[in-house]
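Everything on this sheet refers to the single structure shown next.
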Amino acid sequence: MSAQQTIHVGGEWRSAASGATREIIDPADATVFALVAEGGTEDTDAAVAAARRAFDEGEWPRTPVAERAALLRRVADLLQRNREALGALESRDAGKTLEEGRVDVDCVADAFRYFADLVMNESGGRVVDAGSDEIHSVVVHEPVGVCALITPWNYPLLQASWKIAPALAAGNTFVVKPSEITPLTTVELIHLLEEAGLPDGVANIVTGAGDPVGARLAEHPDVDLVSFTGGLSSGTKVMRAAADSVKKVALELGGKNPNVVFADACESDEDFDTAVDQALNAAFIHSGQVCSAGSRLIVEESLRERFIGELARRAEKIRLGRGTDHGVECGPLVSPQQLAKTEEYVASALAEGAVLRAGGRRPEGEGYEGYFYRPTVLDQCHREMRVVREEVFGPVLTVETFRTEDEAVALANDTEYGLAGAVWTADPGRARRVAGRLRHGTVWINDFHPYLPQAEWGGFGKSGIGRELGPSGLAEYREAKHIYQNLAPRPVRWFAG
Ligand code: NAD
């Protein structure tokens, strides 16, 4: 296996300046299946310099918006053309099922098309009435400059694209640093941007560790904005590192997302089946390694035993395996660290009094040589437990119960995060009341997980700062500028002399 040239600087593919490489592991069987360049500070500085040059002297920030939008659409077409290969690569690298990998590619293509449409449909600057025919006042939006884009391992292509598409639509240049655990599809995306005709230096990538590569990007004086998706602890480091140069900071962090189920949502057998099915999906898709995973089930006391019994029964039947194998419903966790962390949370919950209703163990036998863990349901949970307060990022669902609507809302909001949450009820008035009271960036009513490229994504509280997708997702990558033109200048005579 030869080391890939996975660092892209100023239009050139390179190995790391130090010559260092990193092994990429298939989490389904714990074997090495690729080598990437392990970039360092020198590579990062070179990438920032290339992005800076391309922004200050290059054509991209001044390229007509129709051409920028056309390029984004070409990228979407190329993504769709490479759907099978990209989906399979994402599945192998991140351990998700092949179908999830394919869906990710579709969503990514949609995001590129959405931002192309958004910039094409804008009417340009906003004229401001300054109260005089002699003044022309207009607010315009310009690209922010050089963007550092730092992404996590769970949705590598998707998270990179939610940043890259609006950054390019707005006319910025960038350096992307994918997770060192799953960098491969982001490297492929940079190849597709090249193929689509993006000028050299606009898109740069440095593969490597959070520290030094991400840390250097966050503090670099020539970076104008850092957009980070990842965990709370790295996010706070990024914010601190960005402070000295007062760069713009956008953070998409974790979640501890409530799924609130009222008994009236389950009155017919069909509705009961839907709510249980969606609760499973909310908690266990991609083995729970989803920022918006519905990892806290908050169920009405009168429904409790029936709901948890069925949920646990179905959780035990979830088929684990390599994501590309036929019939597999859940892949492995991404790394031995993630597996150990999940086991540790389950052990601590049991020690604190939680009752195990499903899972709580690694699967045994052939085909489970990787980092697999059974979907786990923990009953009798309460807010003092670490597993209820902290993000596990594994297939672990905790169960709490409530008796009144107020209690349900209080439990759902009892988190330092505020990324997403759901309410299940047949009562439309209650649905709207509860949705209005939840302090979360996305609230689903009688659903879980869908998002739309047109609708903002992001969190309240410690789930982050700023929004991706929607018009706000484009605004992150722009500076507003007020241009005030005096058409009939005269002296103001403030000073007599
Ligand atoms: P992580 O914080 O460990 O790493 C994220 C990225 O930051 C990686 O590229 C990593 O190399 C880099 N990094 C690490 N330390 C850094 C530092 N000091 N300075 C700069 N960069 C640094 O997160 P992860 O384990 O890769 O991803 C899981 C986390 O991401 C979860 O908390 C999850 O909730 C969150 N997430 C959030 C969203 C969202 O939309 N809000 C989406 C996906 C994932």
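In listed order, ligands and their atoms are each counted from 1. Counting begins at 1 with the first residue of the sequence. Because the structure is a prediction, the values reported are computed rather than measured.
Of the possible polar contacts, one joining the E90 side chain to the L157 backbone as a donor-acceptor pair under 3.5 Å is found.
Using a cut-off of 4.0 Å between Lys/Arg side-chain N and Asp/Glu carboxylate O, R314 and D277 are scored as salt-bridged. At a threshold of 4.0 Å, the pair R216-D45 counts as salt-bridged, since one of the basic side-chain nitrogens sits closer than that to a carboxylate oxygen.
A ring-ring contact (aromatic ring centres under 6.0 Å, His included) with Y451 is found for exactly one of W162, W444, Y114, namely W162.
Pocket lining of ligand 1, defined as residues with a non-hydrogen atom under 4.0 Å away: I150, T151, P152, W153, N154, Q159, K177, P178, S179, E180, G210, G214, A215, F228, T229, G230, G231, S234, K237, V238, E252, L253, G254, C291, E391, F393, L419, W457.
For H440 and Y417, the distance between ring centers is not under 6.0 angstrom.
No more than 12 heavy atoms of other residues, nucleotides or ligands sit less than 6.0 Å from atom CZ of R432.
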